[in-house]
Amino acid sequence: MSDTIFSKIIKREIPADILYEDDDVLAFRDVSPKAPTHFLVIPKLAIPTINDIQPDQAALIGKLVLTAQQLAKQEGIAEQGYRLVMNCNEDGGQTVFHIHLHVLGGRGLRWPPG
Ligand code: 5GP
């Protein structure tokens with residue numbers, strides 16, 4: 001499978017504003033923010049889409065959410081609220097085929113989305 005832009009960020013081949021890293025996950029600010037606070041939490045393992053997640057990766061997927069939870073507190077958006085989004089394929093609006101959890105906050109977000 002070819003490298004995505006996120007694999008290059010993991011390998012530090014391209015720069016990113018990194019908020020958190022451990023052996024399993026990386027979090028960094030979105031280069032084109034859709035809200036005052038917008039960052040992405042990704043697994044270091046390159047899983048292309050939600051459709052490719054395997055049952056034995058459940059803990060890793062849960063860790064994305066728990067990392068988002070911690071960083072939302074750190075970023076000061078936890079109490080007011082925020083949104084977690086993971087897009088899948090064309091109709092979901094996915095453009096980078098390495099799964100990622102968007103964390104959006106800092107303003108009121110419309111629901112339902114367009
Ligand atoms: P998707 O549309 O796949 O759900 O989200 C991909 C996200 O990655 C978009 O919000 C886009 O702005 C962000 N993105 C794309 N390329 C880069 C990059 O090189 N650096 C960073 N930090 N974010 C990126």
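Numbers here are sequence positions counted from 1. Order of listing sets the numbers, starting from 1, for every ligand and every atom in it.
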Proximal atoms of ligand 1 relative to [X] (non-hydrogen, under 4.0 Å):
X	value
L40	8 (O)
H102	1 (P), 4 (O), 5 (O), 7 (C), 10 (O)
S32	12 (O)
T95	1 (P), 2 (O), 3 (O), 5 (O), 6 (C)
I9	20 (N)
K34	9 (C), 10 (O), 12 (O)

With a 4.5 Å cut-off on side-chain heavy atoms, are [Y] and [X] touching?
X	Y	result
L26	V41	no
F6	F97	no
H98	P43	yes

From CG (D3) to CD1 (I9), nearest 0.5 Å: 11.5 Å

Rounded distance (nearest 0.5 Å) linking atom CZ of R83 with atom CH2 of W111: 5.5 Å

Would you mind checking which non-hydrogen protein atom is closest to [atom], with the distance to 0.1 Å?
atom	result
atom 1 (P) of ligand 1	H100 NE2, 3.1 Å
atom 13 (C) of ligand 1	D30 OD2, 3.3 Å
atom 17 (C) of ligand 1	V31 CG1, 3.6 Å

Within the supplied structure, the quantity of interest is the number of heavy atoms (other residues, nucleotides, ligands) at a distance under 6.0 Å from [X] [atom1]; does it exceed 12?
X	atom1	result
E90	CD	no
Q80	CD	no
D22	CG	yes

Does [X] come within less than 4.0 Å of ligand 1, judged by its heavy atoms?
X	value
V85	no
G93	yes
K8	no
F6	yes
D17	no
R29	yes

Minimum heavy-atom distance between Y82 and Q69, given as atom pair plus value: OH-CA, 3.8 Å

Selection from I14, T4, I18, I5 by shortest heavy-atom distance to atom 16 (N) of ligand 1: I5

Within reach of ligand 1, part of N87 (heavy-atom separation under 4.0 Å): side chain

Working for ring pair (Phe, Tyr, Trp, His ring centres under 6.0 Å), residues H100 and H102: CA-CA 6 Å; H100 47 282; H102 294 261; 5.1 Å; yes

Backbone of S32 reached by a side-chain donor or acceptor of K34 within 3.5 Å: yes

